[in-house]
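Shown next, in C-alpha cells, is the structure this report addresses.
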Amino acid sequence: MPEGTDIGSSLRKVRKRRGLTQRGLADISGVSLSLIRKLEQGEIADTRMETAHRLASALRVPTSSLLECDDEEPAAEAVEPWRPLGRAVQVATVRTGPAPTVEGVRAMLPEVRSAYFDNRLGELTGLLAPLLADADALGDSAEARDVRSHLLQIAGSVLTQVRQFDAAETALRRALDAAPDRLRAAGIITTWSWLLVRQGKLAASRELATKWADDAEPKMSRATPEELAAFGWLLTQASAAALRDNRLGEADDTMRLAQSVSVLLGRELPRGTERLATWGPTTVRYKACERHVVLDQPDKVLRAVKPKRSGRAAPGTQGGLAVSTEYHRHRLDVAKAHTMMRQYPEAVDVLTGVHVEAPEWLASQRYARDILGDVMERRRTLTPEMRTLADAVGVPL
C-alpha cells in the first residue's frame, strides 16, 4: 500500500480522534488487542474485510476510510499461470497467418463459457489468451465489437477472481468501450463493481453501481426479464458495497428494492447465451446470507440453509440451474457461519463439497483460506480431510 494509506496509520489516526485507547477499541470492536497493535505498528500491512468492518463500525466511520486494499496481490510465482491472459488484455499481439473471422471467434464462445462456468480456470486461460488476440484483429464492426466485449468481460471476471487487478480493470474498461448495448454494459459494470470491492475501494464500488442502477432502472410494467435482471444485479452489488462500507441504511434500502425486483421477475433467470450469471430470488437469498455474515449474524445464515448432512450440492445443478460461482461463494458464507458458531466439522464438510465441485476456483479464494485457517487454529490435530483442504487452498505452514 502507498505510504500513509495503509490500514494501520488510518486506524491510529481515527482511534485517537475518538479518544480511544487500543484496549478500549478492542473492547468495543471485538478485535483482539494484539491484532490492533500489530496493525498500528505496521507489522501487518492489511487485514481481512471482516476485521476492517468491525473496526470501522466501532469507530463510526465508513470502512473505506480505513481500508485501501482488501486483497493482496499474489506472489510472483502465483501470477505466472495467468500471465498470458493478463498480457492478452493489456498488450496488442502481432498476428501472423490467416486473418480471423467473426464467425470463427464466435464459434468458440460456447467452449469458453463452458470452461468459465465449470471453473476450469487453467483451461479457460489457455482458450482466452489466443482468442482475445483473434478478437482484437477483427476490426471495428458492430459484430466484432460485440464478440470482443463478451470475451473481455469473461477475462475481466477471471482476472478478478485470481486477483490480477490491474489486468482485470483493463479488460473491463475495454469491454465497456466495446459493449454493443446497455444490457451488456450493465453486466460489465456489475463485474467492475465487484472488482472494486475486492480491491477495498468500497466507496467507488458503491457509487459506480448506484449510478448505473439509477440510469438502468426500467419501467417495471414494461421491463423485459433481461432488463429486470440487469437492474437487479446492479442493485445487489450496490447494496453489498454499501454494507461493507458501513452504510447500513443505504444497504437496506437498496436490497429491499432488489428483493422487489426479484419478486416481479418471479424466477431465477438463467444465463442464456450472453450473461455471466443468473439472477433472481435465489441470488437475492444468497446475498441476504452474505449480509448476515458481514453483520455477525451466523445463526441467521444457518437458519436460511436447509439442513443437510453434507454441505455438497448435487453435481452440476442447484435449484434446477447450473451451479454458478455465486452458489460456490454462498457456500463459503455458509462455511464461515459454521466457524462463527464454532461448528468446525460442518465448516470443513462444506469446504470439502466446494473443493469437489470447483477445485481450481476454490484454490484462488482467499476467503476459503481464511475460513480454513480459523478452523485449523482451533484444532490440536488435523484430520486427513483438513490437511487435504489446506494443501488445496494454500493455507501457509
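Because the structure is a prediction, the values reported are computed rather than measured. We number each residue from 1, following the sequence as shown.
R285 has its side chain within reach of P281: a pair of non-hydrogen atoms, C-beta onward, lies under 4.5 Å apart. Side chains of R83 and L85 form no contact here, defined as non-hydrogen atoms less than 4.5 Å apart. Proximity of M255 to R291: side-chain heavy atoms (C-beta onward) are nowhere separated by under 4.5 Å. Under the 4.5 Å side-chain criterion, counting only non-hydrogen atoms from C-beta, M340 is not in contact with D374. When side chains are defined from C-beta on, L382 counts as touching M376, because their heavy atoms get closer than 4.5 Å. For the pair L295 and L248, the minimum side-chain heavy-atom distance is below 4.5 Å. In this structure, the side chains of L39 and L55 come closer than 4.5 Å at one or more pairs of heavy atoms. Looking at heavy atoms from C-beta onward, L109 lies in side-chain contact with L151 at the 4.5 angstrom threshold.
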task = I would like to know whether L372 and T339 meet side-chain contact (heavy atoms from CB on, under 4.5 Å); could you show each step before the answer?
result = CA-CA 9 Å; L372 187 60; T339 64; over 6 Å; no
inquiry  = One pair to check against side-chain contact (heavy atoms from CB on, under 4.5 Å): E290 and R244. What are the steps and the verdict?
reply    = CA-CA 11 Å; E290 180 182 286; R244 285 165 172 78; 3.1 Å; yes
task = Kindly determine whether R174 and D136 satisfy side-chain contact (heavy atoms from CB on, under 4.5 Å), including the steps that lead there.
result = CA-CA 11 Å; R174 292 184 59 207; D136 284 340; 2.5 Å; yes
task = With side-chain contact (heavy atoms from CB on, under 4.5 Å) as the test, would you mind laying out the steps for L195 and E169 before giving the verdict?
result = CA-CA 8 Å; L195 164 63; E169 183 174 342; 4.0 Å; yes
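With a 6.0 Å cutoff to the six-membered ring centre and a 45° limit on the axis angle, R271 counts as a cation-pi contact of F117.
Here E143 pairs with nothing under the salt bridge (charged side-chain N to carboxylate O under 4.0 Å, His left out) rule; sequence neighbours left out. R15 is linked by a side chain to side chain donor-acceptor pair (under 3.5 Å) to E40, counting only residues two or more places apart in sequence or in another chain.
Under the 3.5 Å distance criterion, the side-chain polar atoms of R206 are left unmatched by any main-chain donor or acceptor of A241. The main-chain N or O of P270 is found under 3.5 Å from a side-chain atom of R275 such that the two form a donor-acceptor pair. Remark: side-chain polar atoms of S239 are not paired, donor with acceptor, to backbone N or O of L235 under 3.5 angstrom. Looking at T236, its side chain does come within 3.5 Å of a backbone N or O of G232 through a donor-acceptor pair. Panel note: side chain D245, backbone R247; no donor-acceptor pair is recorded below 3.5 Å. For S114 (side chain) and P110 (main-chain N/O), no donor-acceptor pair under 3.5 Å exists by modelled atom type. At distances below 3.5 Å, not a single donor-acceptor pair connects side-chain atoms of R182 with backbone N or O atoms of E227. A donor-acceptor pair is defined here as one N or O able to donate and one able to accept, closer than 3.5 Å; such a pair exists between the side chain of Q153 and the backbone of G187. Under a 3.5 Å cut-off, the side chain of S262 and the backbone N or O of Q259 do form a donor-acceptor pair. S193 places no side-chain N or O within 3.5 Å of a backbone atom of I189 that could act as its donor or acceptor partner.
Closest approach of A216 to L234, counting heavy atoms only: CB-CD1, 4.0 Å. Residues S149 and A179 approach most closely at OG-CA, 3.5 Å, considering heavy atoms. Looking at every heavy atom in both residues, A337 comes nearest to P298 through O-CB, 3.6 Å. A347 and V375 make their closest contact through CB-CG2, 4.3 Å (heavy atoms, listed as atom of the first residue, atom of the second, distance). Taking all atoms of both residues into account, the shortest heavy-atom contact from H355 to T388 is CE1-CG2, 4.5 Å. Nearest heavy atom pair, residue A168 against residue L159, reads CB-CB, 3.7 Å.
Residues I371 and L302 share a single hydrophobic cluster, defined by chaining ILVMFWY side chains whose heavy atoms lie under 4.5 Å apart. Taken together through direct or relayed side-chain contacts under 4.5 Å among Ile, Leu, Val, Met, Phe, Trp and Tyr, L243 and W233 form parts of separate hydrophobic clusters. Cluster annotation: W279 and V263 are assigned to distinct hydrophobic clusters (Ile/Leu/Val/Met/Phe/Trp/Tyr, side-chain heavy-atom contacts under 4.5 Å, transitive). One hydrophobic cluster, built from ILVMFWY side chains closer than 4.5 Å, cannot hold both W194 and L176; they sit in different ones. With hydrophobic clusters built from ILVMFWY side chains whose heavy atoms lie under 4.5 angstrom apart, V284 shares a cluster with L228.
Atoms NZ and CG, on K16 and L11 in that order, are 11.0 Å from each other to the nearest 0.5 Å. Taking CZ of R369 as the start and OG of S364 as the end, the distance is 8.5 Å to the nearest 0.5 Å. Here the CG atom belonging to L128 is positioned 10.5 Å from the CD atom belonging to E123, to the nearest 0.5 angstrom. To the nearest 0.5 Å, atoms CG (L131) and CE (M108) are separated by 5.5 Å. In this structure, the separation between CD on E346 and CE on M341 is 10.0 Å, given to the nearest 0.5 Å. Rounding to the nearest 0.5 Å gives a distance of 5.0 Å between OH of Y116 and CG of L276.
The aromatic rings of Y327 and Y286 lie tilted to each other, with the angle between the two planes from 30° to 60°.
Using a 3.5 Å distance cut-off with no hydrogens or angles, the side chains of Q237 and T190 do not pair a donor with an acceptor. Side-chain atoms of T283 and E326 include no donor-acceptor pair closer than 3.5 Å. A donor-acceptor contact closer than 3.5 angstrom is absent between the side chains of T63 and N246. Using a 3.5 Å distance cut-off with no hydrogens or angles, the side chains of R378 and Y344 do pair a donor with an acceptor.
Results of the side-chain contact (heavy atoms from CB on, under 4.5 Å) test with C289 over K300, Q297, H330, K336 single out H330 as the only residue that passes. Put simply, the residue from R113, R106, R145 that forms a side chain to side chain donor-acceptor pair (under 3.5 Å) with H150 is R113.
One finds no salt bridge joining K211 and D214 here, because no Lys/Arg side-chain nitrogen approaches an Asp/Glu carboxylate oxygen to under 4.0 Å. Under a 4.0 Å N-O distance rule, the pair R387/D391 does not qualify as a salt bridge. A salt bridge links D333 to R329: at least one charged side-chain nitrogen sits closer than 4.0 Å to a carboxylate oxygen.
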